[in-house]
Amino acid sequence: MQEQEPELIKENLIKIKEELPEGTTLVAVTKYHDLDETKEVIKNGIFNLGENKVQDLIKKMDEIDEPVHWHMIGHLQTNKVKYIVGRVELIESVDSVKVLRKINNESKKKNVITDVLIQYNLTGEDQKYGFSRDDTQEWIDILPELENINVKGIMGMGPNTPDQAQIKAVFHELKEIYDKIGNYNGPDNLSMEILSMGMSGDYPLAIEEGANLVRIGSKIFN
Ligand SMILES: *Cc1c(COP(=O)(O)O)cnc(C)c1O
């Protein structure tokens, strides 16, 4: 870690926090950053941290003693679910029914309830994982069987484009889906409390469109 970096992280976090409306949760995405840099974020009072790879997540969970609320935000392979169930605060990136069932099974084995978000992909970019709007009923219908899962909201990403209107449209549709599910008389383990959208490049737009959790990485460290 370079000498000036603690100061930079501190200043960036102050700026970002000033911009977030009250009630918005900041998840600091520490992927690509080592233990020292991750600890620097924690020193500034940020305890919600996001990682996108199971291996990195486990390493940091093992080596950081502070009471961090870990968020899994990357694609999760079913064979790796067992390593994080019972240890993370929230799995934000549930992108298939298969992984949803697997999280339920592992949670049952460990006798825990796991909070998750359902990830939507409305960008039309097929390298991004996630459900489409039309898949909504499919995952809702199986929730009554999944007693060790709590669905607490949805997560999505904006499209990778400089076109602000296009990004805004995707966030707008995510909010529509969120509201629609929220108004639906669903099973007890379904509640819409968290709308996770917005990253370093587009979080102001996401907030305008109703995000109450933003996942910010590069803007903290650069
Ligand atoms: C990397 C990542 C982020 C943070 O991206 P930045 O542009 O660095 O802020 C947010 N969400 C997900 C799912 C990511 O993979």
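We number each residue from 1, following the sequence as shown.
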Backbone N/O of [Y] and side chain of [X]: donor-acceptor pair under 3.5 Å:
X: Asp163; Y: Ala165; answer: yes
X: Asp34; Y: Asp36; answer: yes
X: Thr123; Y: Pro159; answer: no
X: Asn105; Y: Lys102; answer: no
X: Asn189; Y: Ile149; answer: yes
X: Glu125; Y: Asn160; answer: yes
X: Asn212; Y: Thr24; answer: no

Going only through I, L, V, M, F, W and Y residues with side-chain contacts under 4.5 Å, is there a path from [X] to [Y]?
X: Ile103; Y: Ile118; result: yes
X: Val94; Y: Ile194; result: no
X: Leu117; Y: Val112; result: no
X: Tyr203; Y: Leu213; result: no
X: Met192; Y: Leu143; result: yes

[X] atom [atom1], over 12 foreign heavy atoms within 6.0 Å:
X: Lys17; atom1: NZ; value: yes
X: Gln55; atom1: CD; value: no
X: Asp179; atom1: CG; value: yes
X: Tyr129; atom1: OH; value: no
X: Lys82; atom1: NZ; value: yes
X: Lys110; atom1: NZ; value: yes
X: Glu147; atom1: CD; value: no
X: Asp188; atom1: CG; value: no

Contacts of Glu208 that satisfy salt bridge (charged side-chain N to carboxylate O under 4.0 Å, His left out) - sequence neighbours left out: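 So Glu208 forms a salt bridge (charged side-chain N to carboxylate O under 4.0 Å, His left out) with Lys168.
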Sole residue of Ile177, Leu174, Asn121 in side chain to side chain contact (heavy atoms under 4.5 Å, CB included) with Arg133: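 Only match with Arg133 under side chain to side chain contact (heavy atoms under 4.5 Å, CB included): Ile177.
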[atom1]/[X] to [atom2]/[Y] distance, rounded to the nearest 0.5 angstrom?
X: Ile216; Y: Met199; atom1: CD1; atom2: CE; result: 10.0 Å
X: Lys180; Y: Ile154; atom1: NZ; atom2: CD1; result: 12.0 Å
X: Glu40; Y: Lys10; atom1: CD; atom2: NZ; result: 9.5 Å
X: His75; Y: Ser96; atom1: NE2; atom2: OG; result: 7.5 Å
X: Phe47; Y: Leu49; atom1: CZ; atom2: CG; result: 9.0 Å
X: Asn222; Y: Asn12; atom1: CG; atom2: CG; result: 8.0 Å

Electrostatic pair [X]:[Y] at N-O distance under 4.0 angstrom:
X: Lys219; Y: Glu19; result: yes
X: Lys15; Y: Glu11; result: no
X: Lys31; Y: Glu51; result: no

Looking only at non-hydrogen atoms, find the nearest pair between [X] and [Y] and report the distance.
X: Gln166; Y: Thr161; answer: OE1-OG1, 3.9 Å
X: Val54; Y: Met72; answer: CG2-CE, 4.1 Å
X: Val41; Y: Ala28; answer: CG1-CB, 3.8 Å
X: Asp141; Y: Pro144; answer: O-CD, 3.3 Å
X: Arg101; Y: Ile142; answer: NH2-CG2, 3.5 Å
X: Gln119; Y: Asp95; answer: OE1-CB, 4.3 Å

Worked verdict on Thr38 versus Lys60 for side-chain hydrogen bond (donor to acceptor under 3.5 Å, both in side chains): CA-CA 9 Å; Thr38 304; Lys60 286 185 180 172; 3.1 Å; yes
Sub-4.5 Å side-chain heavy-atom contact between Ile14 and Asn44: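 Not touching, per the 4.5 Å side-chain cut-off.
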Test item: Trp139 and Val151 side chains (from C-beta on) under 4.5 Å apart, heavy atoms: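 A side-chain contact exists here, since the closest heavy-atom pair is under 4.5 Å.
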Working for side chain to side chain contact (heavy atoms under 4.5 Å, CB included), residues Trp70 and Ile64: CA-CA 11 Å; Trp70 293 103; Ile64 292 176; 4.1 Å; yes
Full working for side chain to side chain contact (heavy atoms under 4.5 Å, CB included) between Thr114 and Asn150: CA-CA 6 Å; Thr114 301; Asn150 253 333; over 6 Å; no
Side chain to side chain contact (heavy atoms under 4.5 Å, CB included) evaluation trace for Thr78 with Lys98: CA-CA 8 Å; Thr78 49; Lys98 195 171 143 207; 4.0 Å; yes
Under the side-chain contact (heavy atoms from CB on, under 4.5 Å) test, residues paired with Asn48 that sit two or more places apart: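 Once residues adjacent in sequence are excluded, the partners of Asn48 under the side-chain contact (heavy atoms from CB on, under 4.5 Å) criterion are Thr25, Val27, His69, His71.
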Intermediate values then yes/no, side-chain hydrogen bond (donor to acceptor under 3.5 Å, both in side chains), Glu92 and Ser196: CA-CA 8 Å; Glu92 296 202 19; Ser196 172; 2.7 Å; yes
Derivation of the salt bridge (charged side-chain N to carboxylate O under 4.0 Å, His left out) call for Lys175 and Glu209: CA-CA 7 Å; Lys175 175 68 158 69; Glu209 291 301 327; over 6 Å; no
Thr136 vs Tyr120, side-chain hydrogen bond (donor to acceptor under 3.5 Å, both in side chains): CA-CA, chis, key distance, verdict: CA-CA 9 Å; Thr136 302; Tyr120 277 82; 2.7 Å; yes
Between [Y] and [X], do the side chains contain a donor N or O and an acceptor N or O under 3.5 Å apart?
X: Gln137; Y: Tyr184; result: yes
X: Ser107; Y: Asn104; result: no
X: Glu37; Y: Thr30; result: no

Check against side chain to side chain contact (heavy atoms under 4.5 Å, CB included), Ile140 and Glu138: CA-CA 6 Å; Ile140 290 182; Glu138 187 193 351; over 6 Å; no
Test salt bridge (charged side-chain N to carboxylate O under 4.0 Å, His left out) applied to Arg87 and Asp62, step by step: CA-CA 10 Å; Arg87 298 193 71 187; Asp62 287 344; 2.9 Å; yes
